[in-house]
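Ligands are counted one by one from 1 in listed order, and the atoms in each one are counted from 1 as well. Values below: every heavy atom of this structure, side chains too, minus hydrogens, waters and symmetry copies.
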Amino acid sequence: MLILHDPDTLSHETIELLGSKVIPALESPSRILAILEAVSKSQHEVKHIRLHDSSEATFDSLIELIGQTHDQGYLGHLKNVFKQWRDDGLVEECEHVLPECFVFTSTARTPTQPPKDIYARAGYYAFDMSSGIMNKTYVSTMASANLAVAAVRRLRDDQVNEVVALCRPPGHHCNGHKAGGYCYVNNAALSISEWRRQSPNARVGILDVDFHHGNGTQDIFYSDPNVFYTSIHGADEFPYYTGNEDERGDGDAIGTNLNLPLETGSSFDQYLQKLESALAGLLKHEPEFLLVSLGFDTFNLDPLGSFKIHTEDYEVLARTVRTRLPNVQTVILLEGGYVVEHLGSNLLSFLKGWEGSASSP
Ligand code: SP5
Ligand code: ZN
């Protein structure tokens with residue numbers, strides 16, 4: 001399997017508020033290093049890509065692509081807020097921008113403009129406190145986004161059926177307007193925008209198997225009848241306000257959003273029952289392109305998850321997906337998963353199941 005990595009994804013390293021404690025974010029560079037270590041000892045091919053070293057035209061086309069699904073004011077904030085805070089003496093070079101006050105509902109007024117105060121703006125462009133911004137956040141976010149685009153280019157150029165992108169930061173909680181849940185740019189949306197440059201009317205499927213509901217991805221495609229989004233996630237878990245079964249899409253797109261919340265503490269057998277429903281929905285949509293948002297926070301030891309899923313189960317999960325959707329060109333993007341010591345073996349297990357299934361270019 002071809003696996004893409006950009007060393008600049010390792011530069012972002014921030015803090016979060018978890019429970020009542022401010023701690024180093026669980027979403028850390030060591031996650032990717034652990035995966036690289038494991039895959040380097042396998043037969044998989046790891047290709048290093050450097051957005052940093054590419055031409056201005058490549059960077060401009062990436063920005064243009066991100067702009068299709070992300071707000072310009074938000075992107076400007078991501079790029080500039082750290083320096084602005086720094087210039088105003090609000091943070092030291094080694095510190096982090098974290099929100100103070102979030103947008104809240106009010107009967108009197110819904111804000112449509114970011115607050116003038118740059119300190120307050122951090123809360124306008126985020127929905128939680130696990131999306132700190134430090135001096136390298138923008139560099140890593142762009143490198144991560146570029147991997148999602150590069151994966152699609154590889155699918156087309158190399159005539160392969162699947163590519164894995166080791167995206168970091170992850171993307172599925174970002175809706176194009178706000179950062180949250182360690183996500184700053186929606187990488188899945190970028191892969192899909194890139195696919196659509198050549199096939200504008202393509203039918204696309206998204207299978208989100210991170211432990212958390214991909215509220216951002218759901219939001220971006222909620223009214224898009226060509227994109228079928230389905231997610232299996234912990235019921236009543238983060239991000240708390242989305243992921244219910246009654247969120248089914250909007251307008252022409254009703255029926256193209258399928259949420260499958262699963263009780264906390266569920267076993268892999270229970271998980272597989274939900275997976276069957278997800279796959280039935282995807283098959284009915286007949287996608288020509290499949291995007292898998294792959295999170296390993298479904299792992300039984302994960303501090304942010306609560307499913308009873310083990311390393312060998314990821315092989316079955318991948319085989320089940322690939323057997324039901326053989327030959328559909330697929331990009332697999334890394335989302336969450338926080339037990340660093342098990343990430344490598346969990347990914348290898350997944351890849352074994354995927355590659356052992358029917359699939360030919
Ligand atoms: C990409 C991704 O996996 N983001 C997840 C971010 C979750 N951050 C907030 C977690 C709050 C956890 N609260 C305790 C739940 C223990 N079951
Ligand atoms: Zn997650």
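Between D87 and K83, at least one side-chain nitrogen of the basic residue sits less than 4.0 Å from a carboxylate oxygen of the acidic one, meeting the salt-bridge criterion. Of the charged side-chain nitrogens involved, at least one lies within less than 4.0 Å of a carboxylate oxygen, so that E276 and R324 count as a salt-bridged pair. Salt bridge present: E162 and R322 bring a charged side-chain N and a carboxylate O closer than 4.0 Å.
Within a 6.0 Å sphere centred on CD of E288, other residues, nucleotides and ligands contribute more than 12 heavy atoms.
Within the 6.0 Å centre-distance limit, the rings of Y338 and Y182 are counted as a close aromatic pair.
Distance check for H212 against the Zn ion (ligand 2): an N/O/S atom falls below 2.8 Å. Within the coordination shell of the Zn ion (ligand 2), defined by N, O or S atoms under 2.8 Å, D210 is present.
Distances from the Zn ion (ligand 2) to each N, O or S atom of D297 single out OD2 as the nearest.
Note: H342 and F299 have tilted aromatic rings, judged against thresholds of 30 and 60 degrees for the angle between ring planes.
At a cut-off of 3.5 Å, with distance as the only test, no side-chain donor of T230 or D208 sits close to an acceptor on the other residue.
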What are the atom names and distances for all N or O pairs under 3.5 Å between ligand 1 and the protein?
residue: ligand 1; atom: 3 (O); partner: H212; partner atom: ND1; Å: 3.2
residue: ligand 1; atom: 3 (O); partner: D297; partner atom: OD2; Å: 2.9
residue: ligand 1; atom: 3 (O); partner: Y338; partner atom: OH; Å: 2.6
residue: ligand 1; atom: 4 (N); partner: H173; partner atom: NE2; Å: 3.3
residue: ligand 1; atom: 4 (N); partner: G181; partner atom: O; Å: 3.0
residue: ligand 1; atom: 4 (N); partner: Y338; partner atom: OH; Å: 3.4

